[in-house]
Student: 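Dumping the structure here so I can ask a few things about it.
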Amino acid sequence: MNELYQSVIIEHYRSPRNFRTIDGPTHHADGRNPLCGDEVSVELVVADDGTIADVAFQGTGCAVSRASASMMTVALRDQSTEQARELFARFHALLVDGGSTDRLGKLAAFEGLAAFPMRIKCATMVWHVMKAALDGGIQA
Amino acid sequence: MTIAAVGEPSTVQPTTLDVDALRAEFPILAGSSRGKPLIYLDSAATTQKPQAVLDALSHFYASANANIHRGVYELSERATVAYDGARVRVAQFIGASNDSEVVFVRGTTEAINLVARSFPAITPGCTVVVSEMEHHANIVPWQLAGARTVPIPVTDSGELDMVAAEKLIGERPAMLAVVHVSNALGTVNPIAELCRMARAVDVPVLVDGAQAVGHFSVDVAALGCDFYCYSAHKLYGPTGIGVLWAKAPHLAQMPPWQGGGDMIDTVSFERTTFAPAPGKFEAGTPHIAGVIGMVAAIDWLERQDRDALHAHEADLLAHGTELLASIPGLRLVGTAADKIGVLTFTLSGVHPHDLASLLDADGICVRAGHHCTQPLHRRLGLPATTRASLAPYNTRAELDALAGSLNHAAELFAR
């Protein structure tokens, strides 16, 4: 766990990327972890060709959840919504099903979290919220 | 800390407790967590269990296991005698005069739900006065019963605003439901005084004693309450078993809330009549082993020198408070004059969940979050806190280790 905190996670926690609101998002969803009270909202702008032109988040949470959200927004930019869903599936598999770090890029930093089942939700919640936003269509 | 020392000098007595011998009675404390020696600082969530309780559970299943109140054979007789005898033991433990006022339930939560569901004065639209420091278990059951929950405010130091309390009680709510000791702050509330206020206007009082019974002697008659609830697992006993104590006239006018075997007088398709209290509230086969284990825990606790336990806990609280206060950026939450061994705090720049994970890496078990007291955290303006809660089996060295890990976490996040 110490190794996890010494990685890029603290850096993203302190200086989260895309920690802002978007004027006129096409997709939006909120999530809340009732166990810890953490809240996160995700906004996206999906272009007509299905590319994620912009993605941002807001909310309160621990370093793991905020770093995960920050790194997710970086990873999703300019990806198709299909690619976003695939990336979530691989990220989820890494943490929950012993999946590999292949094609996860910087998100591989979360690999060590797989050994701490009580904290996995901290990292995955924002991805679930992103998926809910995509599934829900225009909700903003 | 002034537990069991009301009116006595506030100086902490030298600890006479043999902590090593006490720890040796708890097998789990010799174990490890994340490859480090276990440092268990979450006794407000659940206490660890002494060997005497583990032995009682094992002995019951190995030599006396049978259902109660049914068989005429010797095993069933042993189980029945032990189960019914437990009621007498519990009544004695909490100062109740009548063992038929003791209802066995799953825990404090179920006890409160039972009263909220069954007590005739709790009707949709009624008012139940609670406090801002209540555990969700003493808020939600009343709301489910249709009551409006109105809180007694909590001061910045984590004590009840007694002027506001008197005013709210004076408005004659259907119930005053209040926590004896706050699980999040450690505050010991002035229950006897609240009961005097309530009695003056005929308001019944329910006390959530979950955090109290393990820390000091409780006497329901001296407190003057109407209902008292606790869970065995915060009292060195097993999970899944607890007690609702209620004055006999209240139990008599409360209908059963669950139906089944063992709670009836006669059953027919036309008309069923119920057993008298407490039987009518104990439908189905109860947690017999749990009851046996709870009695073993009570017996164990009362064999200890409780003054020495108190003195040691007070010493730990004083030592821990001093240590934590010396950590830059650390803010203690809950500084009531009368409190048990609970150290709740925030550390600037470090979220409680990250802190709990970093402490966990050092083998230290603490609780992070809102501790099932969201309204209290909202009142304090804190989304979450970290809580180290103490029991007499803890040591000064463990608190020193906690302080060391906290300093390390603060450095990691400040880098």
Side-chain angles (χ1 to χ4, degrees), chain A residues 1-17 19 30-41 57-72 94-96 109-129, chain B residues 33-36 42 45 135-137 139-140 184 329 333 344 346-387 401 404-415:
Chain A
M1 192 49 98
N2 276 320
E3 293 74 22
L4 185 72
Y5 280 102
Q6 279 153 8
S7 70
V8 292
I9 288 174
I10 292 240
E11 196 271 314
H12 271 266
Y13 174 57
R14 263 204 225 106
S15 316
R17 321 294 195 270
F19 185 68
D30 299 316
R32 170 173 246 281
N33 185 341
L35 287 179
C36 62
D38 285 358
E39 293 173 330
V40 66
S41 66
F57 79 102
Q58 291 267 280
T60 57
C62 60
V64 173
S65 71
R66 184 182 285 207
S68 179
S70 172
M71 291 167 76
M72 179 190 82
L94 172 73
L95 294 182
V96 179
F110 288 93
E111 185 180 17
L113 201 61
F116 300 92
M118 308 298 281
R119 296 299 305 279
I120 289 173
K121 183 97 187 264
C122 301
T124 57
M125 189 173 83
V126 70
W127 288 84
H128 285 284
V129 173
Chain B
S33 179
R34 308 280 183 217
K36 305 277 173 59
D42 199 17
H135 189 283
H136 297 163
I139 300 172
V140 182
V333 180
T344 296
T346 58
L347 185 58
S348 173
V350 191
H351 189 285
H353 285 107
D354 298 316
L355 199 50
S357 281
L358 290 165
L359 295 175
D360 167 55
D362 294 335
I364 301 173
C365 311
V366 297
R367 176 85 185 268
H370 51 61
H371 321 301
C372 299
T373 55
Q374 281 184 356
L376 175 67
H377 278 72
R378 214 167 286 130
R379 153 70 183 89
L380 298 169
L382 302 166
T385 53
T386 306
R387 179 188 72 188
S405 292
L406 287 172
N407 275 313
H408 172 250
E411 282 165 24
L412 184 67
F413 271 77
R415 215 175 278 158

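Being a predicted model, the structure only gives us computed values, none of them experimental. Naming convention: chains lettered A, B, ... in sequence-line order (proteins, then strands); numbering from 1 in each chain.
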Student: How close do B/His351 and A/Tyr13 get, heavy atom to heavy atom, and via which atoms?
Tutor: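 In terms of heavy atoms, the two residues are closest at N-OH, 4.0 Å.
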Student: Can you name the nearest heavy-atom pair linking A/Val64 to B/Asp354, along with the distance?
Tutor: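 What the structure gives for the nearest pair is N-OD1, 3.6 Å.
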Student: Is it the backbone or the side chain of B/His353 that comes under 4.5 Å from a heavy atom of chain A, or both, or neither?
Tutor: both
Student: If you compare all heavy atoms of A/Arg14 against all heavy atoms of B/Leu412, which two are closest, and at what distance to 0.1 Å?
Tutor: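 Looking at all heavy atoms of both residues, the shortest contact is NH2-O, 3.9 Å.
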Student: Using non-hydrogen atoms only, which part of B/His371 is less than 4.5 Å away from chain A: side chain, backbone, both, or neither?
Tutor: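 Contact with chain A: none, neither part.
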Student: What's the shortest heavy-atom distance between A/Tyr5 and B/Ser357, and which atoms?
Tutor: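 Minimum heavy-atom contact is OH-CB, 3.8 Å.
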Student: Please step through side chain to side chain contact (heavy atoms under 4.5 Å, CB included) for the pair B/Asp360 and A/Met118, ending with a clear verdict.
Tutor: CA-CA 11 Å; B/Asp360 167 55; A/Met118 308 298 281; over 6 Å; no
